[in-house]
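Let me begin by presenting the structure, written as structure tokens, before commenting on it.
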Amino acid sequence: MDVLTLLRDGGDPVALARGLIGWTFLVDGAGGLIVETEAYGRDDAASHSFRGLRTANAAMFGPPGTIYVYRSYGLHWCLNIVAAPGAAVLLRALAPTAGLDIMAERRGPVPPHLLCAGPGRLARALGVTGADDGASLFDPPFALVPGAEAPSVLAGPRIGISRDTERPWRFGLSGSRSLSRPFPRATH
DNA sequence: ACAGAGATCATCT
DNA sequence: GATGATCTCTGTG
């Protein structure tokens, strides 16, 4: 099942998270290669959707392709793409390829490979905020460009969670320097 | 290189 | 009152 079919018909967030590695994500022309993602399911104790529909997580229950933005630790914004109602993919890191100047402006003096190396950094660099919550991936300013070929993808446990910590639902582009953290016990 | 703390707020207990 | 799908800065080895 390819990414476009998953996004059109809705489907497994794990398949979408893995499939998005190597694609390019842009907001207003700024962004880069998706090098790190995480999947969150509907019946997944680590997921914001686990306790059901709330005002803050309503966008996560929208149709496939809905943008779900939440505030993390009271101060960062993090961006998800809905795979199916209650299931989504967290975009954790990009390798910057476009709009480096505007992203550097938003992020301050950091090395280019760290501009989007982490979910909070990524949202900051792309200018994504709570105002984007509920928007559609298929409409401007968002854009998703297919990857060239099947990349080498690493998998490992998700980061920063305290429940269902062992599911290998974090995915990364092998060899990328823009990962938020390395994959210690990485598997293909 | 690694560890710890502070920032900051909606939601949950 | 505690807890996060985090980041940055600071202190120490």
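Here is the naming used below: chain letters follow the sequence lines, and residue numbers restart at 1 for every chain. All heavy atoms count here, side chains included; hydrogens, waters and symmetry mates do not.
- With hydrogens and angles left out, the side chain of A:Y73 and the base of C:dA5 share no donor-acceptor pair within 3.5 Å.
- Between A:R163 and A:G120, the residue anchored closer to the 5' end of DNA chain C is A:R163, taking for each the nucleotide with the nearest heavy atom.
- The separation of C:dG13 from B:dA5, taken at their P atoms, amounts to 15 Å, rounded to a whole angstrom.
- C:dG4 atom C1' lies 16 Å from atom CZ of A:R54, rounded to whole Å.
- There is a side-chain donor-acceptor pair under 3.5 Å between A:R92 and A:S180.
- Remark: A:R124 is not positioned above the aromatic ring of A:W77, lacking an NZ or CZ atom under 6.0 angstrom from the ring centre and at most 45 degrees off the axis.
- One interatomic measurement links the two molecules: NE2 of A:H48 to P of B:dT11, which rounds to 11 Å at whole-angstrom precision.
- Atom CG in A:N57 sits about 8 Å away from atom P in B:dC12, given to the nearest Å.
- Going from atom CG of A:L90 over to atom C1' of C:dC7 covers 14 Å, rounded to whole Å.
- Side-chain contact between A:R181 and A:R170: present, with at least one pair of heavy atoms (C-beta onward) separated by less than 4.5 Å.
- Distances were taken from every side-chain heavy atom of A:I161 (C-beta onward) to each of B:dC12, C:dA5, C:dG4; the shortest belongs to C:dA5.
- For the pair A:R107 and A:A88, nearest-nucleotide mapping onto DNA chain C gives the more 5' position to A:A88.
- Ring planes of A:H48 and A:Y68: perpendicular class, angle over 60° (limits at 30 and 60°).
- With both ends at atom P, the span from C:dA5 to B:dC2 equals 25 Å, rounded to whole Å.
- Between A:R170 and C:dA5, a side-chain N or O to OP1/OP2 separation shorter than 4.0 Å is absent.
- Straight-line distance from the OH atom of A:Y40 to the C1' atom of C:dG4: 11 Å, rounded to whole Å.
- A distance of 8.5 Å separates OG1 of A:T24 from CG of A:L94, quoted to the nearest 0.5 Å.
- Using a 4.5 Å heavy-atom cutoff, the side chains of A:D44 and A:W169 are in contact.
- Distance, A:R106 CZ to C:dC7 C1': 18 Å, rounded to whole Å.
- Under the 3.5 Å distance criterion, the side-chain polar atoms of A:N80 are left unmatched by any main-chain donor or acceptor of A:A88.
- Nearest to the side-chain atoms of A:R51 among the listed nucleotides B:dT11, C:dG4, B:dC12 stands B:dC12.
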| said: Expected output check: what is the dot-bracket annotation of DNA chain C, where ( ) and [ ] are pairs inside the strand (brackets for crossing ones), | is paired with another strand, and pairs are Watson-Crick or G-U under 3.5 Å? | reply: ||||.|||||||.

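- The separation between A:L114 atom CG and C:dT8 atom P is 8 Å, rounded to whole Å.
- Atom-to-atom distance recorded for A:L16:CG and A:T37:OG1 is 8.0 Å, nearest 0.5 angstrom.
- Between C:dT8 and A:R121, a contact under 4.0 Å exists linking OP1 or OP2 to a side-chain N or O.
- One finds no side-chain N or O of A:T55 lying less than 4.0 angstrom from the OP1 or OP2 phosphate oxygen of B:dA10.
- Rounded to a whole Å, the CZ atom of A:R181 is 12 Å from the P atom of B:dC2.
- Contact annotation for A:A56: backbone-only contact, meaning every heavy-atom pair under 4.0 Å involves sugar-phosphate atoms and none involves a base.
- Distances from the side chain of A:H76 to the nucleotides B:dC12, C:dG4, C:dC7 place C:dC7 closest.
- Side-chain atoms of A:L75 lie closest to B:dT8 of the nucleotides B:dA10, B:dT8, C:dA5.
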